[in-house]
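To start, the structure itself, in structure tokens.
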There are 2 protein chains.
Amino acid sequence: MANASIKDVAASAGVSVATVSRVLNSHPSVRPDTRERVMAAVEALGYRPNGVARSLRTDQTRTLGLVISDVMNPYFTELARSVEDEARAHGYSVIIGNADEQPALQDHHIRSLLDRRIDGLLVSPTDGGSPVMLDAVRAGTPMVFVDRWLPGVDVPVVRADGRAAIRELVAHLHALGHRRLAIIAGPASTTTGSERVEAFREALAEHGLPLPDAYIGHGDFRAGSGHRETTRFLALAEPPQVIFAADNLMALGAMDALRASGLRIPHDIGLAAFDDIPWFVHTDPPVTAIAQPTAELGRTAVRALIDRIEGRTPQSAALPARLVIRRSCGEPAPPFRTENRSNR
Amino acid sequence: MANASIKDVAASAGVSVATVSRVLNSHPSVRPDTRERVMAAVEALGYRPNGVARSLRTDQTRTLGLVISDVMNPYFTELARSVEDEARAHGYSVIIGNADEQPALQDHHIRSLLDRRIDGLLVSPTDGGSPVMLDAVRAGTPMVFVDRWLPGVDVPVVRADGRAAIRELVAHLHALGHRRLAIIAGPASTTTGSERVEAFREALAEHGLPLPDAYIGHGDFRAGSGHRETTRFLALAEPPQVIFAADNLMALGAMDALRASGLRIPHDIGLAAFDDIPWFVHTDPPVTAIAQPTAELGRTAVRALIDRIEGRTPQSAALPARLVIRRSCGEPAPPFRTENRSNR
DNA sequence: ATCCTCCATGTAATCGATTCCATGCGGTCC
DNA sequence: GGACCGCATGGAATCGATTACATGGAGGAT
């Protein structure tokens, strides 16, 4: 019952293994009747080429590695899904490594993927750049950063540019009369952690508003930290009027904390989030959020990586994010631009 | 800059490749000083064994395949995560295949995983059993079904038993005075599709309630079908008082439809779901749901699969699900047993 | 008829590891 | 001192594919 090998096919068809291989790879110089005999033998034996052997010989696995910081985060789930879709369209498989925001786990996955000799690596770095990752870059592993990146490392980046959307958000909040705006940021060691704070600060400045240190929450892109920092904000002598969470999980934690403290959104305090996810439509109240073109990011990143693998030189890309206004910061949504539930 | 191979290490350490291999696999009969010399060479060259070559020789990849029907479904995401965690603890990697509820895509992934010579396969079948999957079983591929399974196929199953929880749910609804209860079921070709309807019907019978055909919605585990069937229910001369969706995505669709029709939950109509997910706490209103021991399912399934791979004979397992009462069917939650946001 | 070319196919090397078997050497036992 | 034993190591086969090179035969040009 063991799997048939190319030798068995060759024997059964009365040809050499070379000929079988040629048929399988549709090499032009095989006589039609030979090809047919081989195909018949393949069929009869239920033969399937051994991918491992093939990979060893050809030095390519047609596999991409994707290392993300948290699979349970809907944003990354959607990213992973679009990556797999696009990769499959190009004949590649994807192995996902879940770093769970832990540098050590990220390194484990990178190493393990490299050991498996994946053809290329898509990474959303959890930290400022571990030796393992830097070594991989130096060794010339085809690599593309997605969502987050490492400044100063020569690797193409595919990401969303949230600056304009954050400016829009701040303008929206300002127009609603809010003046004391706080942010729960991600780890400063990640680009998405620091960048969103900077964009927020600049947008505030445009309206002559300050961003005091007390209004900067230091989160870690997990729900717990959103909860903690929100609680801290509420204990302030002058709590903020709106909390902007730099990702959806921290927004969730913030919501928990607000609910626990008995405050009503948006009546007592406003909430907005970076990352839009389907559930934000169904929360109480629906959450105003900045939507990234997630699926497009995944597809673009895969195309860039395949370009690198095949010897071309891909460009970095920054796709625009956009503001989706709902009800969590006050004032009902305007009649247009309300929902966001198209399925891609 | 190409990767060093075992030959390079052997040359650099002045030993044979056999000895290097012995060191790498911590074979006992290598002299300590030799071992040290080899390790030094490994270090100096930054050598990492080629997993592909190793797999070819040893005929094992230390990789598990997981084929699920929908990665974007939080239930499966959590399942995938726990599977990966447990597999990693046993020294295995996981390749996830997303079937997207499409039998053809499921087959694609099974075939592709088999070609890669994964050591074992975890499947949650999308349909009634394709030839590809049946062939894999017949060929003796180590396999375990998780969540859904194929009746009559001799493969261990790890799943949640929702019968008791569904009875509890119906009792709860009955106690609240609801009598006209409808269900949005999954495809009859899946076990979770048909089983939940049966359990629901039996539970209703215990209270002397019927389950008319008109109150059985035929969904496909996707949000769209939940929306469609809910709309159909509402058009009935006598619409149901509570809708029970057989999974979280269809519940989401139902919620959309109810909202669109201007009905308030639970005041005008009740909603309950199979599968509990973190977001159900934050929806408007929080949704009463049946929680599966998802992470435990994943871990148990992996252990069973590894048992099979290593020659033991694992048992099937059915872990109990439990009811989590919130506010979507009326009456505020009792002071105990309200929330459900522990993180594993 | 001779030679050249080209097509279909086979032979064998190769990818990078693991592992069986052979070998040489130092030490023990009688 | 010779036989034997066991340990550390090396040589070479092997896993299942791909592919460069060799080969033989058919057909065309002269």
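Order of the sequence lines sets the chain letters (A, B, ...), proteins ahead of strands, with each chain counted from 1.
How far CZ of Arg81(A) is from CG of Asn98(B): 5.5 Å, rounded to the nearest 0.5 Å. Taking CZ from Arg117(A) and CG from Asn3(B), the interatomic distance works out to 4.5 Å, rounded to the nearest 0.5 Å.
With rounding to whole Å, Arg57(A) atom CZ is found 10 Å from dG16(C) atom P. The separation between Arg54(B) atom CZ and dG16(D) atom C1' is 18 Å, rounded to whole Å. For the pair Gln60(A) CD and dA17(D) P, the interatomic distance rounds to 16 Å; values are reported in whole Å. Across the protein-nucleic acid pair, Asp59(B) atom CG and dA17(D) atom P stand 12 Å apart, rounded to whole Å. The interatomic distance linking Leu56(B) (CG) with dA13(D) (P) rounds to 17 Å, in whole Å. One interatomic measurement links the two molecules: CZ of Arg117(A) to P of dA17(D), which rounds to 21 Å at whole-angstrom precision. The CG-P distance, from Leu114(B) to dG16(D), rounds to 16 Å in whole Å. Whole-Å rounding puts the Glu36(B) CD to dA8(D) P distance at 15 Å.
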Legend entry - Test log, rule side chain to side chain contact (heavy atoms under 4.5 Å, CB included), inputs Thr192(B) and Phe221(B): CA-CA 10 Å; Thr192(B) 46; Phe221(B) 289 137; 3.5 Å; yes
Legend entry - Working for side chain to side chain contact (heavy atoms under 4.5 Å, CB included), residues Leu122(B) and Leu64(B): CA-CA 7 Å; Leu122(B) 241 31; Leu64(B) 270 26; 5.5 Å; no
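Between Arg159(B) and Asp147(B), no side-chain nitrogen of the basic residue sits less than 4.0 Å from a carboxylate oxygen of the acidic one, so the salt-bridge criterion is not met.
Residue Ser69(A) forms a side-chain hydrogen bond (donor to acceptor under 3.5 Å, both in side chains) with just one option from Gln102(A), Arg148(A), Gln106(A), and that option is Arg148(A).
Remark: side-chain polar atoms of Thr141(A) are paired, donor with acceptor, to backbone N or O of Ala136(A) under 3.5 angstrom. Here the side chain of Thr77(B) pairs no donor or acceptor atom with the backbone of Tyr75(B) at under 3.5 angstrom.
The terminal axes of the helix from dA1(C)-dT30(D) to dC30(C)-dG1(D), fitted over 5 pairs per end, subtend an angle of 50° to the nearest 10°.
For the pair Ser21(A) and dT18(D), the criterion of a side-chain N or O lying under 4.0 Å from OP1 or OP2 is met. In terms of phosphate contacts, Lys7(A) brings no side-chain nitrogen or oxygen within less than 4.0 Å of OP1 or OP2 of dA17(D). For Asn25(A) and dT18(D), the shortest distance from a side-chain N or O to OP1 or OP2 is below 4.0 Å.
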Inset, instruction - Give the B/S/- string for nucleotides 7-12 of chain C, one per nucleotide from 5' to 3', where a protein heavy atom under 4.0 Å of the base yields B, of only the sugar-phosphate yields S, and otherwise -. - result: -SBBB-
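Residue-environment remark: CE (Met39(B)) stays at or below the threshold of 12 foreign heavy atoms within 6.0 Å.
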